[in-house]
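A short write-up of the structure that comes next.
This is a predicted model, so every value here is computed, not measured. Atoms within a ligand are numbered from 1 in the order they appear, just like the ligands themselves.
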Amino acid sequence: MRVIEHPTEMQLFSNNIRQTHQSIGFVPTMGYLHQGHISLLDAARQQSDQVVLSIFVNPTQFSPGEDLSVYPKDLPKDLDIAEKAGVDIVFTPTDKDLYGDHYQTYVQLKQLPNYLCGIHRPTHFQGVATVVTKLFNMVKPHVAFFGEKDYQQLAVIRQMVQDLNFDITIIGCPIVRESDGLAMSSRNVYLSKEQRQTALILSQSLYRSQQKVTKGITDAETLINEAKKDIESLPETRIDYVRICNKDTLEDLPEVMMDGLMALAVHVGRTRLIDNRILTREYCTVKA
Ligand code: PAF
């Protein structure tokens, strides 16, 4: 496994791989790797000849007051995990490499960032779209892998790839959960034992909502209010949003007709967690 820090070296390396007609699978991350990232690397390993993992805590997707300065880091452990997952190249650019002194270009989507997390983190998706564009231009992948936990991020990237004609296939990979349901996240490390217990309410609310839909309760307001009540009943919780929306446009839905994305963002103590699930009426018994 090779570690490359400089963008020009990364580009040269990718050009060489492409010249040998090998495919490049790319997993962009901010490091502090967990099982969720490993599932992306596994998918990349299966679907490409060369696997590139990037580790870069991107400053432009954090707003002042967010957790940029304390974002967890452990490069030696990440390199170890990457090696075991069969990564070929780890790309670790620096802030200076990516955003030099005179940096002035950003990628901005018009519609998709106006919902869900984008309301609470207004500059976040501009930062994500910008850094992913830059990474794509450096790594030059054929296929790139993103987790469905960051559902809106995946939607933004798919749209951006389509709008800007990137010749890259985007693959979304399912959320990986702890055995008790908590969605894996690098930020889970911030949680105390009690807060971690409280954090289970995110996946539980989604699960309970699906059960209600299966029973025929499909009104979005009812489902959302009941989930909010459950979450707010627990200590140290503060809801950013609980929403049921169209899984493609992210616009609010009044009712779960066929299906709908239920997405939530909740602060547990000082840690902001997100989770989501597609609610479906597929399993409803139709009364004659
Ligand atoms: O999902 C992440 O870890 C980040 O948002 C990403 C895609 C690596 C961009 O910084």
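Each of the following atoms of ligand 1 lies closer than 4.0 Å to a heavy atom of V131: 9 (C), 10 (O). Numbered from 1 in the order shown, with element, the atoms of ligand 1 that lie under 4.0 Å from a heavy atom of Q61 read 4 (C), 5 (O), 9 (C), 10 (O).
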(message) Before you tell me yes or no, could you show the steps for Y99 and K134 under side chain to side chain contact (heavy atoms under 4.5 Å, CB included), namely the whole-Å CA-CA distance, both residues' side-chain angles and the distance that decides it to 0.1 Å?
(response) CA-CA 10 Å; Y99 302 105; K134 288 168 68 64; 4.2 Å; yes
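Backbone and side-chain nitrogen or oxygen atoms of N58 are examined, and none is located within less than 3.5 angstrom of a nitrogen or oxygen of ligand 1. Residue T29 has no nitrogen or oxygen atom sitting less than 3.5 Å from a nitrogen or oxygen atom of ligand 1, judged on distance alone.
Comment: R196 engages D180 in a salt bridge, judged by a side-chain N to carboxylate O separation of less than 4.0 angstrom. Between R177 and D275 there is a salt bridge, since a side-chain N of the basic residue sits under 4.0 Å from a carboxylate O of the acidic one. R187 has a carboxylate O that lies under 4.0 Å from a charged side-chain N of D67, or vice versa, which qualifies the two as a salt bridge.
Using cut-offs of 30° and 60° for the angle between ring planes, the F136 and F146 rings count as perpendicular.
At the shortest separation from atom 7 (C) of ligand 1 among protein heavy atoms lies Q153 NE2, 3.5 Å.
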